Amino acid sequence: MILLVHLLFGAAIGSAIKNIPLAIILAFLSHYFLDVLPHAEYAIGNINKKLWREKLPVILKITLDFWMGVLIIMIFSNPTLPAGRQAIIYACAFFSVLPDGFTVLHHLFQHKILKSQIALHEKIHFLKYKKISIFWRILSLIVVIIIYTTLLYFNP
């Protein structure tokens, strides 16, 4: 799943759940829930390579994806929410992409501590290896975005 969708869903959880620790835990776990759905995502295999010329396009796409998610959260966040509530929304957005951050760190540094998280993350992506049309993969992303905008903007 692209980062933008994870960020939006995490922000929606932060907006809807008033219990802060619960919201953060659910935002983190939402990452794995969304990754079970058929989806489109970036090929990060080039990150393992030593050639920066091949890494740079992937890193730029991921960075743009991340900042687009942050921008959309800023645009669609309910402006009447207090600053503390806004901070919780952004914290939940951060925790919702943390598993992908761990994956990138593992690809860059091959650290043993991250290996078990990577194994879990790969198991969650089991539909990645199934032949599912791009239509259904993109539709699942759109549905998540619609849920996000509904929860985040219209949540009192």
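Below, each value reflects all heavy atoms present in this structure, side chains not excepted, and no hydrogens, waters or symmetry copies. Bear in mind that the values here come from a model prediction, so they are computed numbers and not experimental data. Nothing fancy with the numbering, it's 1 onward along the sequence.
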Rounded to the nearest 0.5 Å, how far apart are CG of Leu26 and NE2 of His31? 15.0 Å
Nearest-0.5 Å distance, CD1 of residue Ile24 to CD1 of residue Ile88: 7.5 Å
Closest contact, heavy atoms only, Phe66 versus Val97: CE1-CG2, 4.4 Å
Measure the CZ-CZ distance between Phe33 and Phe28 for me, rounded to the nearest 0.5 Å. 16.0 Å
Closer than 3.5 angstrom, by distance alone: can the side chain of Ser96 be matched with the main-chain N or O of His6 as a donor-acceptor pair? yes
Minimum heavy-atom distance Cys92-Gly14, with the two atoms named: SG-CA, 3.5 Å
Just do the side-chain contact (heavy atoms from CB on, under 4.5 Å) check on Met74 and Tyr90 with the steps written out, would you? CA-CA 9 Å; Met74 289 172 64; Tyr90 285 100; 2.8 Å; yes
Rounded distance [0.5 Å steps], CG in Leu7 versus CD1 in Ile89: 13.0 Å
Nearest non-hydrogen partners of Gly69 and Leu8, listed with the distance: O-CD2, 3.9 Å
Nearest 0.5 Å please: distance from the CZ atom of Arg85 over to the CD1 atom of Ile20. 6.5 Å
Asp65 side, atom CG; Asp100 side, atom CG - distance, nearest 0.5 Å: 9.5 Å
OH/Tyr32: more than 12 non-hydrogen atoms of other groups inside 6.0 Å: yes
Which atom of Leu34 lies closest to which atom of Val5, heavy atoms considered: CD1-O, 4.3 Å
Shortest non-hydrogen pair, Ala27 vs Ser30, comes out as O-OG, 2.6 Å
